[in-house]
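Below you'll find the structure, written out as structure tokens, and then a few comments.
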Number of protein chains: 2
Amino acid sequence: MAGLKQVQRQTGVALWRQIADRIRETIGNGTYDETGMVPPETVLALQFGVNRHTVRSALAALAQEGIVRAVQGRGTLIERKERLNFPITRRTRFTSGIGDQAREMRSLLLDEVQEEASAEVARWLGLKQGEQVIRLETLRQADKRPVSKATSWFPAARFAGIGEAYRKRESITKAFADLGLSDYVRATTEVTASHANTADLADLELTPGAILLIAKAMNTDLDGLPVQYSISRFAADRVQFTIEN
Amino acid sequence: MAGLKQVQRQTGVALWRQIADRIRETIGNGTYDETGMVPPETVLALQFGVNRHTVRSALAALAQEGIVRAVQGRGTLIERKERLNFPITRRTRFTSGIGDQAREMRSLLLDEVQEEASAEVARWLGLKQGEQVIRLETLRQADKRPVSKATSWFPAARFAGIGEAYRKRESITKAFADLGLSDYVRATTEVTASHANTADLADLELTPGAILLIAKAMNTDLDGLPVQYSISRFAADRVQFTIEN
DNA sequence: TATGGTTGTCTATATCAATAGACATTTAAA
DNA sequence: TTTAAATGTCTATTGATATAGACAACCATA
């Protein structure tokens, strides 16, 4: 482990940030579960081939995120370690998909706008460019910790008032039900990953350089008619997707 | 656009790298397709709210990656811009999945090892921990550009010699066929994203801070018996996954 | 051929990132 | 109570990062 160069210099990414990212991931993998602690600073410094002060900068950043807590004389304790699993199937739903992985699920409506469909949105919803659509900006939390931010479009003609319904029920499934759509299915999902922009960084409580898993999804009713197109951004260190075919 | 703070300071990620990442993504989105050029350095400096020299550092990094090429007196030309699409379905195969998106596909065998199944591998392959498995390390290229690196495990009893077959045929599907397995299906796929480690950075020709899309996949034969468990790492800025349900 | 717009190069300065070493403070266990 | 091991704090130095300004070199075009 000590021989492997795990960090690189002069890449525009500070060593302390590379080390912080790697320790966060190692914690997530359960490597330190036996002790519940991160190895001593001197040991980490040796492993990564850097000065102890550099390791301290990394641990300070993780402490800021609430992932570890340093106790003088004892060591650095692991405070939090989770990765939620999202099954992606024909019957994918956010809230029930989380199931018992979190105690409290919340879905907040950040913004609601009626607008003309862009070329992309029109294509996915089977509309003509310029037709009216409703766009919702939503933020989802698991146990008060932000998990994903989503932008969703709905045909305005069919789903007038979906913003208000979503605000009340905090669920797309229930909002659809209130508007007379009792069931729907996931037709396609596209998954990519990229760096977060500043707005998403803030809402998802992430640090720059953090990664987003991005899912572009289209849902249809049981007749195959598109009812929703959405772009969801997930904090990559907090989730994984599972595709069962 | 100029008002939005698109980069953040004092985060351990240098401004020039944040700007490089954002320009690379903007190129990928096709925003500059009309001119085929990146905006002038002075314009970019204004947009990002930084000094022109900082923008130049970002563009130098992108030039190093072969994405742009600066021409004195004219501007900075876009050289390359691609994102391969991988459909993930019950019949997912790497080579045919790429289809006509690339001219030349190659699959290289980096390493072959027979070993005892770890707990994770045994669970996925339906074996007992410690049973013999064959592990292949492979690198896939599209038009001589590395796209993904994969680690695959196969039950050793059933697929002896699969390494040699893969080296010859450069395809899992054909290697399976050589060993008497004419057909197989994708059972499950788990998708995550994370930062690349140093070995993957080198093999995939990436820069630190780069993102990997990671697909853990399990294939079975037509009787539902597991035949392969693999962990594939994709350069996130070169691919996207499509899940059709 | 003159001009405006663009990239290339140079110098100088301030701040952040990383190393190095020394010593203090706290905790747990001998 | 002593000791070892761990985190906390301080000073000092070097290299990378970012800003600022000036000017050269090159290209397309009026």
Side-chain angles (χ1 to χ4, degrees), chain A residues 2 5-23 27 32 34-64 66-79 207-209, chain B residues 2 5-23 27 32 34-64 66-79 207-209:
Chain A
K5 267 189 200 162
Q6 307 191 14
V7 289
Q8 292 188 320
R9 289 154 199 268
Q10 302 178 16
T11 59
V13 182
L15 290 179
W16 64 264
R17 174 141 294 286
Q18 296 183 51
I19 292 170
D21 290 340
R22 215 153 282 300
I23 293 176
I27 290 174
Y32 303 139
E34 282 196 20
T35 59
M37 298 177 74
V38 170
E41 293 169 353
T42 50
V43 173
L44 290 172
L46 206 64
Q47 277 182 11
F48 287 108
V50 301
N51 192 274
R52 180 180 154 231
H53 293 295
T54 308
V55 170
R56 284 178 60 74
S57 298
L59 291 175
L62 294 178
Q64 188 66 29
I67 292 178
V68 301
R69 178 170 54 90
V71 178
Q72 190 170 1
R74 291 182 58 195
T76 303
L77 283 61
I78 295 170
E79 290 277 272
T207 51
Chain B
K5 267 189 201 164
Q6 305 190 17
V7 289
Q8 292 188 322
R9 288 153 201 269
Q10 300 178 12
T11 60
V13 183
L15 290 178
W16 65 262
R17 173 141 295 284
Q18 296 183 51
I19 292 169
D21 290 340
R22 214 153 282 304
I23 293 176
I27 290 174
Y32 304 137
E34 282 196 18
T35 60
M37 297 177 73
V38 170
E41 295 168 352
T42 49
V43 174
L44 289 172
L46 207 64
Q47 278 183 9
F48 287 108
V50 300
N51 191 275
R52 181 183 152 226
H53 293 295
T54 308
V55 170
R56 284 180 58 75
S57 298
L59 291 175
L62 294 178
Q64 186 66 29
I67 293 179
V68 300
R69 178 169 54 91
V71 178
Q72 189 170 6
R74 291 182 59 194
T76 303
L77 284 60
I78 295 170
E79 290 278 273
T207 51

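Because only heavy atoms are used, hydrogens play no part in the values below, and waters and symmetry mates are left out as well, while side chains stay in. We name chains A, B, ... by the order of the sequence lines, and we start the count at 1 in each one.
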Hey, what do you get for CZ (A/Arg17) to CZ (A/Arg22), rounding to the nearest 0.5 Å? 13.0 Å

Gap between atom CG of B/Leu62 and atom CH2 of B/Trp16 - 0.5 Å precision: 9.5 Å

Does OP1 or OP2 of C/dT19 have a side-chain N or O of A/Thr54 closer than 4.0 Å? yes

Nearest-angstrom distance from the residue atom CZ of A/Arg17 to C1' of C/dA18: 16 Å

Measuring from the side chain of A/Arg74 (C-beta onward, heavy atoms only), which nucleotide among D/dT9, C/dA28, D/dT17 has the closest atom? C/dA28

Rounded to whole angstrom units, what separation is found between the CG atom of B/Leu62 and the C1' atom of C/dT7? 16 Å

Presence of donor-acceptor pair under 3.5 Å, side chain of A/Arg52 and base of D/dG8: yes

Figure out the CG/P separation between B/Asn51 and D/dT19, and round it to whole Å. 6 Å

Of the listed nucleotides D/dA18, C/dA18, C/dT6, the one nearest the side chain of B/Leu15: D/dA18

Quick check for you: among D/dT9, D/dA18, C/dG8, whose closest atom lies nearest to any side-chain atom of B/Ala14? D/dA18

With rounding to the nearest 0.5 Å, note down the distance linking CD1 in A/Ile27 to CD in A/Glu79. 10.5 Å

Please determine, for the side chain of B/Ala70, which listed nucleotide (C/dG8, D/dT7, D/dA18) has the closest atom? C/dG8

Could one point to a donor on the side chain of A/His53 or the base of C/dG21 with an acceptor on the other under 3.5 Å away? yes

Rounded distance (nearest 0.5 Å) linking atom CG of A/Asn51 with atom CD of A/Glu41: 10.5 Å

Kindly say whether, by distance alone, the side chain of A/Gln72 makes a donor-acceptor pair under 3.5 Å with the base of C/dT25? yes

Once you round it to whole Å, what is the distance between P of C/dT6 and CG of B/Leu77? 13 Å

Using whole Å, what does the distance between atom P of nucleotide C/dT19 and atom CG of A/Leu44 come to? 14 Å

Measure the distance from CD on A/Glu41 to C1' on C/dT19 and round it to the nearest whole Å. 15 Å

For the side chain of B/Arg56, starting at C-beta, report the closest nucleotide among C/dT9, C/dT26, D/dA24. C/dT9

For the OG1 atom of B/Thr35 and the CD1 atom of B/Ile78, what is their distance to the nearest 0.5 Å? 6.0 Å

Using whole Å, report how far CH2 of A/Trp16 lies from P of C/dT19. 14 Å

Any base atoms under 4.0 Å from A/Thr76, or only sugar-phosphate, or nothing? Heavy atoms, all strands. sugar-phosphate

